[in-house]
**Q** 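My questions will all concern the structure given below.
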Amino acid sequence: MKINTDLLHAQQKHDPVTGSHVSPLYQTSTFVLPNFDEAVRLNQNIDQGFVYSRFGNPTVDEFERKVAHLEQAEAAVASASGLGAITLAVMSLVKTGDHVIFGDVIYGCTFALFTKILPSLGVAYTIVDTTNPEAIEAAIKPNTVLVYVETPANPTLKISDIEAVSKVTKKHEKVKLVVDSTFASPYLQNPIVLGADMVVHSATKYLCGHGTVTAGVLAGSKELIDRAKMPYLQCFGSVLDPFAAWTIMQGMKTLGVRMEKHCSNAMKVAEFLDNHPMVDKVYYPGLPSHESHETAKKQMKDFGAMMSVDIKGGIDSCRTVMNSVKVFSLATSLGNVDSLIQHSPTMSHFDMTLEERCKVNIFDGQVRISVGIEDVEDLIEDLDQALKSIK
Ligand SMILES: *Cc1c(COP(=O)(O)O)cnc(C)c1O
């Protein structure tokens, strides 16, 4: 089936007991087991079935299968947040003495995981510009086990060529490629099809779409995902609550129509801002002037709805704009049906130093915009009046 049909029907189970059309929500921590011997077999993973919701839950299981299907992966594992899923991916691959490579523009807390937590476990790292596959090749060492790429990258929207990067990582048997595809969602790109070993999403964002829950999901081969499940890394306990999984599945039904509207609105907002006298630069891969425009065109179905904007006048102008918007909400996060605006240097990327940030174009005078599905004329008018209030 094609993707809009899959979003509605893939892995959907109509309840055989009641006939409930929408998949039931199994809001339970534990499951009644039929007898002692079967309980032993289920607990020891000899028989497949549900025992306890940290090990597996039918609602969470349906969400995982649905994402695996959309990403053309064999399996998936859900987590309580995007960072939970990223942690599962990383910890399933690294051990003391290993080396990891990651992109110079990535989500702030992921940056903190790699630069603050992994070194304390004896894992070394190299930061590279992952839009340059040769730079990745040059950074690979005998003990490298992971290349971690975020594309589109938060917040400057750099696009890494997943296929080109995978050609590099595939030359090294021990090196796995993990792609954070949150900004694209499974609707705009499928990293596994392009050669990645695992794909991770903050399901808090476009998959859910309505800003109601935090969640994450990691998809890949059964062999890789099994390492992130019971009886291994799920012992970390970062599991998704059934209600959150059920809520995201309601959102996912409209992922396609939402993304179409998100993308067409974003293109118009980007063009408006690009021509605005108070704007220095717009970072949106849909603009031909963006450094990654050609890669985005090749790799993604459309350009997404995230952008960053350098505003004339620096941080003071950002303060005025963010205090003046009326339709946009001053809020971190992204991918909601409604539009959000945030200040990356002090919000999503506060973990980076000024020097680290400026080197990769995350400037103090920069806001990040998540374009929603409102009528685009209202969004443009709102940004225009906010930019006009700069003294
Ligand atoms: C938000 C985000 C994350 C973290 O996800 P949470 O659900 O907030 O834990 C990771 N990567 C990207 C690109 C994000 O935007």
Side-chain angles (χ1 to χ4, degrees), residues 60 63 67 71 76-91 102-115 117 130 148-160 162 178-189 191 196 198-219 228 236-241 244-245 247-248 251-252 259 262 266 283 285 292 296 300 303-308 331-336 339-345 347-352 360 362 367-372:
V60 178
F63 167 61
V67 173
E71 290 290 12
V77 58
S79 194
S81 70
L83 244 300
I86 292 165
T87 302
L88 285 178
V90 172
M91 298 311 286
F102 63 91
D104 55 6
V105 181
I106 60 171
Y107 180 66
C109 291
T110 313
F111 182 83
L113 171 68
F114 283 124
T115 58
I117 298 171
T130 54
Y148 184 94
V149 171
E150 188 175 295
T151 185
N154 185 357
T156 59
L157 285 299
K158 283 210 291 194
I159 311 286
S160 297
I162 299 168
V178 175
V179 174
D180 182 337
S181 190
T182 297
F183 274 29
S185 89
Y187 190 76
L188 298 182
Q189 75 185 11
M198 289 196 273
V199 55
V200 64
H201 289 281
S202 167
T204 312
K205 318 290 172 54
Y206 289 104
L207 281 170
C208 175
H210 298 75
T212 43
V213 300
T214 65
V217 62
L218 172 69
F236 272 172
S238 166
V239 293
L240 188 58
D241 178 72
T247 305
I248 298 164
M252 281 171 70
M259 289 315 288
H262 276 300
Y283 303 76
S292 303
M300 299 171 68
F303 301 106
M306 294 300 301
M307 67 190 69
S308 285
T332 196
S333 198
L334 58 108
N336 288 3
S339 296
L340 307 174
I341 185 166
Q342 71 130 25
H343 186 240
S344 305
M347 294 171 75
S348 60
H349 289 70
F350 73 91
D351 272 306
M352 295 174 88
V360 292
I362 307 171
V367 296
R368 191 192 71 190
I369 290 174
S370 171
V371 178

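In this chain, residues are counted from 1 in sequence order. Whatever order the structure lists ligands and atoms in, that order sets their numbers, starting from 1.
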**Q** Among all protein heavy atoms, pick out the one at the shortest distance from atom 10 (C) of ligand 1; state its residue, atom name and that distance to 0.1 Å.
**A**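 Answer, as residue, atom name and distance: D180 OD2, 3.5 Å.
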**Q** What atoms of ligand 1 come closer than 4.0 angstrom to any heavy atom of E150?
**A**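 Result: 13 (C).
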**Q** When you measure from the side chain of T214 to the backbone N and O of T204, does any donor-acceptor pair fall under 3.5 Å?
**A**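 It does not hold such a pair.
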**Q** Students should be able to answer this: which protein heavy-atom is nearest to atom 1 (C) of ligand 1, and at what distance?
**A**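 Going atom by atom, the protein heavy atom closest to atom 1 (C) of ligand 1 ends up being K205 NZ, 1.4 Å.
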**Q** Taking C-beta and beyond as the side chain, do Q342 and S344 meet within less than 4.5 Å on heavy atoms?
**A**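 Q342 reaches S344 side chain to side chain.
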**Q** Mark up the atoms of ligand 1 that fall under 4.0 Å of a heavy atom belonging to L334, in ascending order.
**A**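 In order of numbering, the contacting atoms are 15 (O).
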**Q** Using heavy atoms and a threshold below 4.0 Å, how should the contact between I86 and ligand 1 be classified: side chain, backbone, both, or neither?
**A**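 Contact part for I86 vs ligand 1: side chain (C-beta onward).
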**Q** If you round to the nearest 0.5 Å, how far is OG of S370 from NZ of K205?
**A**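 It is 9.5 Å, given to the nearest 0.5 Å.
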**Q** Between ligand 1 and V200, can you find any atom pair, the residue atom being a heavy atom, that is separated by under 4.0 Å?
**A**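 False for this residue.
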**Q** Take every heavy atom of A203, measure it against each atom of ligand 1, and state whether any distance is under 4.0 Å.
**A**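 A203: no contact with ligand 1 (<4.0 Å).
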**Q** Given side chains that start at C-beta, do those of Q189 and P152 come closer than 4.5 Å, heavy atoms only?
**A**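 Sidechains of P152 and Q189: in contact.
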**Q** Counting from 1, what ligand 1 atoms have a heavy atom of A215 closer than 4.0 Å?
**A**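 Under 4.0 Å from A215, ligand 1 has these atoms: 7 (O).
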**Q** Evaluate the side-chain proximity of I86 to Y148: yes if any heavy-atom separation is below 4.5 Å, no if none is.
**A**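 Side chain of Y148 against side chain of I86, heavy atoms only: contact under 4.5 Å found.
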**Q** If you have a sec, work out which protein heavy atom is nearest atom 6 (P) of ligand 1 and how many Å separate them, to one decimal?
**A**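 Answer, as residue, atom name and distance: G82 N, 3.3 Å.
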**Q** Are V217 and L207 close enough that some pair of their side-chain heavy atoms sits under 4.5 Å apart?
**A**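 Result yes, sub-4.5 Å side-chain heavy-atom pair found.
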**Q** Any nitrogen or oxygen of S202 lying under 3.5 Å from a nitrogen or oxygen in ligand 1? Just yes or no.
**A**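 Checking ligand 1 against S202, an N or O pair does fall under 3.5 Å apart.
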**Q** Is there a donor-acceptor pair closer than 3.5 Å between any side-chain N or O of S308 and the backbone N or O of P155?
**A**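 Yes.
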**Q** Quick one: sort the F114 and F102 rings into parallel, tilted or perpendicular, breaks at 30° and 60°.
**A**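 Parallel: the ring planes of F114 and F102 meet at under 30°.
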**Q** Please state which protein non-hydrogen atom is closest to atom 9 (O) of ligand 1 and give its distance, to 0.1 Å?
**A**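 Sorting protein heavy atoms by distance from atom 9 (O) of ligand 1 puts L83 N, 2.8 Å first.
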**Q** Give the numbers and elements of all ligand 1 atoms closer than 4.0 Å to a heavy atom of N154.
**A**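 Those qualifying, in numeric order: 15 (O).
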